[in-house]
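All chains are named by letter (A, B, ...) in the order of the sequence lines, taking the proteins before the strands, and each is independently numbered beginning at 1.
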Protein chains: 2
Amino acid sequence: MIQKMKTATMQDVAKLAGVSMMTVSRVISNEAKVRDKTRDKVMAAIEELDYQPNLSARSLASAKSHLIALFYQNPSEGYVGQLLIGALSKSQSRGYNLVVSSLDETTDDVETALKALVRRNKIEGIILPPPLSDSQRVLDILMALNIPAVRISPQRDDHPFPFVCMDEAQAAFDITEHLITQGHRKIGFIQGHPDHSGSHLRYEGYKRALEKHHIDIRDDYIQQGLFTYRSGFQAAVNLVTLADPPTAIFASSDDMAAATISAAQKHHLQVPSMLSVVGFDDAPIASAIWPSLTTVRQPILEMAERATDLLIDALKKKPETEQEMETPPEQNLENILEYQLMLRETVAAA
Amino acid sequence: MIQKMKTATMQDVAKLAGVSMMTVSRVISNEAKVRDKTRDKVMAAIEELDYQPNLSARSLASAKSHLIALFYQNPSEGYVGQLLIGALSKSQSRGYNLVVSSLDETTDDVETALKALVRRNKIEGIILPPPLSDSQRVLDILMALNIPAVRISPQRDDHPFPFVCMDEAQAAFDITEHLITQGHRKIGFIQGHPDHSGSHLRYEGYKRALEKHHIDIRDDYIQQGLFTYRSGFQAAVNLVTLADPPTAIFASSDDMAAATISAAQKHHLQVPSMLSVVGFDDAPIASAIWPSLTTVRQPILEMAERATDLLIDALKKKPETEQEMETPPEQNLENILEYQLMLRETVAAA
DNA sequence: CTGAAAGCGCTTACAG
DNA sequence: CTGAAAGCGCTTACAG
């Protein structure tokens, strides 16, 4: 029964490597200088014993909770699910634990609630997905609390907290161009909710693609939607009943794209043979419906992973340069993630 | 600046209450007998200092990881999301941390992978949502590892591991009866995938409702589906094109119900005025489409919470009676959760 | 670049 | 029913 074998401790590793615990600790935390040869010996010992640091002991000794929090505010279930999977796996692999809590920024006592939550759980850093990533109120409170935070897909990039996102305008450009490549020149567009910056970015991408290919932008081909199925349905009907209707429609969300397909079918336009349709998000509905929807996949899981990494990085270096978080971070390209065109069944050549 | 105040330790509580740390510890763990008066003093001190036990210290001292794991295998994003939120909040409130990992039971090395995962992370207990809750292989491995596990919505109840679920047959009965109450007597049924026990349970509920109301069960009103949109579409077309078509259709999943609506529209049957449709699950698509779908909501989040509670209960009492997990648990009613009929827009009186 | 000592805040035996 | 002592496995200063 090898089963009952006790798990190795740092002590064991030190003994096997012929060094002190301190050295082992330094190798693991990858911090202070350790001679290469010493490091190798320690690494070998860790390997041999299959040593796993005891996180509880580490937290206790360092007086740190190793706890980060992800707050969410009624987003779609699928969205939080992806977010949680990404944040959870990354925080675990980096030795942190994740607290998850819903937070309503519109209630009177957000401030009290938030402070209590942070103080009581000794939360060290925070991940803010949309729409919290744009809540001035929440951002202000966190700022005052002087606690590091990372935003996911924020609308504004003029805030000192770092963020991760994807290039929505470019994605919209790409999928529009895909339609153009298929021979479409009459392309309708259904806008998203005007309050979401995503709506503007997607429209911008659509416009840029048409301009690049010298296609006139027709006002009657642009319909206002609100991201919902219902609003998309009405917008699609408006497009489809035009005297000179488009041969393809780009809806700013998958719900609206699904509605567009229904509207088309109702008006005896087969998709994609008589009308091509594309969406945005790669929501569950995109692959549920039939024909399945050609759309843009947002890398939600990856964004959560990246955000978690950013946050933990900040946590680890924070002690050295206290006000680093105050200055706007260099928003490097690594934090703008790749989207993906999901080419499915709703697009045909014009 | 009260901000910088150090958080109270058990030492502080003991001093304020005029007892030893040991007594405070006992009060908190709610275990050994403590005189009521002593307990009250301690409680008051805890209250006054807003004392929060340090989980790291507890874990280190007790040599327990306080870690439980939730494994999942490619279910829908929305489903995992709900699951995670429920399991996470409950485990946190009970002082446990949650590890989340996907697990593919079909790979060759599940056993090795599972054992390594459990051993390395010192995982104390496991939550198994479907379809893992029915994987004989995974159950066997866990059994051999002698690690407590709790299953969510398993198909079989003949396994020693305890489980939580909802009464799917009763839910199907209720929603069918709802249709009958609205005056429908010609009710079509689209079955789910034959391999899922849920399919059988839902069919059983449908049948029982018709029988109760003395409505004949017509073979041509029963169509086989596979839970997918596409399969539902075909099944719905079959029903709708019958010489004597049903006035209402109960699809065993929301995806198939959504497909039924599309199929109806294609055949110029307005929903719900000419055809009523109900689904099962309350998946995102149910409220996304229009008209929004009348369906049954499964209490996924609550099931995850209950499962987590069950698991932690087992963990806490395990040391006393080692073989308790071996004997089939008394499956009490608390572990069968309430579903909810979501009455929306796809049902009209016949 | 490396190490010996002290201590983080609890719980586990063991006494009484 | 209550308490004094030891120790869980690390990291933080502090030396050298």
Side-chain angles (χ1 to χ4, degrees), chain A residues 6-43 45-46 49-67 95-97 120-122 124 315-316 318-320, chain B residues 6-43 45-46 49-67 95-96 120-122 124 315-316 319-320:
Chain A
K6 267 207 154 122
T7 39
T9 93
M10 185 178 273
Q11 192 74 260
D12 303 330
V13 176
K15 203 188 293 177
L16 183 65
V19 299
S20 74
M21 274 172 63
M22 209 39 247
T23 303
V24 178
S25 177
R26 276 191 267 259
V27 169
I28 289 168
S29 63
N30 203 22
E31 263 179 28
K33 312 284 165 217
V34 178
R35 212 190 307 162
D36 276 355
K37 206 172 156 188
T38 315
R39 176 184 306 277
D40 291 346
K41 275 193 303 187
V42 173
M43 291 300 247
I46 289 176
L49 295 166
D50 189 25
Y51 168 66
Q52 299 289 124
N54 181 317
L55 300 187
S56 301
R58 175 183 294 176
S59 291
L60 181 57
S62 64
K64 281 188 196 148
S65 66
H66 288 265
L67 214 55
Y96 277 73
N97 276 123
R120 290 171 60 125
N121 294 296
K122 309 202 187 76
E124 295 181 34
L315 255 29
K316 296 211 161 172
K318 203 190 175 193
E320 305 169 20
Chain B
K6 266 208 152 117
T7 40
T9 96
M10 185 178 274
Q11 192 75 260
D12 303 330
V13 175
K15 201 189 294 178
L16 183 65
V19 298
S20 74
M21 273 173 63
M22 209 39 247
T23 303
V24 178
S25 177
R26 275 191 268 259
V27 169
I28 288 169
S29 63
N30 202 23
E31 263 181 27
K33 310 286 165 214
V34 178
R35 212 191 306 163
D36 276 356
K37 208 172 155 188
T38 317
R39 176 184 306 278
D40 291 346
K41 275 194 302 189
V42 174
M43 292 300 246
I46 289 175
L49 296 166
D50 188 27
Y51 169 66
Q52 299 289 124
N54 181 318
L55 300 186
S56 301
R58 175 183 293 177
S59 291
L60 180 58
S62 64
K64 282 187 195 148
S65 67
H66 289 264
L67 215 55
Y96 276 74
R120 291 170 58 125
N121 294 295
K122 309 202 187 80
E124 296 183 33
L315 256 30
K316 296 215 161 172
E320 306 168 19

Checklist line | Integer-rounded Å distance: D:dG9 P and A:Met21 CE | finding: 10 Å
Item checked: Candidates D:dG3, D:dC10, C:dG3 - which lies nearest the side chain of A:Ser20 -> C:dG3
Item checked: side-chain contact (heavy atoms from CB on, under 4.5 Å), paired with A:Tyr51, selected from A:Leu16, A:Ile28, A:Val42, A:Asp12 -> A:Ile28
Note to self: If you assign each of A:Thr9 and B:Arg35 to its closest nucleotide in DNA chain D, which residue comes earlier from the 5' end?
What the structure shows: B:Arg35
Notebook entry, point to check: If you round to the nearest 0.5 Å, how far is NZ of B:Lys41 from CG of B:Asp36?
Noted result: 12.5 Å
Next item on the list: For B:Asn54 and D:dC8, give me the distance from atom CG to atom P, rounded to whole Å.
Entry: 18 Å
Check: Which distance, rounded to the nearest 0.5 Å, do you find between the CD of B:Glu124 and the OH of B:Tyr96?
Finding: 5.0 Å
Note to self: Without decimals, in angstroms, what is the distance between A:His66 NE2 and D:dC10 P?
What the structure shows: 13 Å
Next item on the list: Measure from the side-chain heavy atoms of A:Met10 and tell me the nearest of D:dT11, D:dG9, D:dG3.
Entry: D:dT11
Check: If you look at every strand shown and take non-hydrogen atoms under 4.0 Å, does A:Thr38 touch a base, only sugar-phosphate, or nothing?
Finding: sugar-phosphate
Checklist line | For D:dC1, the Watson-Crick or wobble partner whose two distances fall under 3.5 Å | finding: C:dG16
Notebook entry, point to check: DNA chain D: A:Ala61 or B:Ala61, which has the more 5' nearest nucleotide?
Noted result: B:Ala61
Item checked: Length of the CG-C1' vector between A:Asp36 and C:dT2, whole Å -> 15 Å
Next item on the list: Determine whether more than 12 heavy atoms belonging to other residues, nucleotides or ligands lie under 6.0 Å from atom NZ of A:Lys15.
Entry: no
Checklist line | Whichever of B:Met22 and B:Leu60 has its nearest DNA chain C nucleotide further upstream toward 5' | finding: B:Leu60
Check: Roughly, in whole Å, what's the span from CG in A:Leu55 to C1' in C:dC8?
Finding: 16 Å
Margin query: In this structure, how many angstroms lie between the P atom of C:dT12 and the CZ atom of B:Arg26, rounded?
Written below: 11 Å
Next item on the list: Would you kindly give the NZ-to-P distance between A:Lys122 and C:dG9, to the nearest whole Å?
Entry: 8 Å
Check: Can any side-chain N or O of B:Ser59 pair as donor or acceptor with the backbone N or O of B:Leu55 at less than 3.5 Å?
Finding: yes
Check: A:Ser25 side chain N/O closer than 4.0 Å to the phosphate oxygens (OP1, OP2) of D:dT11?
Finding: yes
Note to self: In this structure, how many angstroms lie between the P atom of C:dC10 and the CD1 atom of B:Ile46, rounded?
What the structure shows: 10 Å
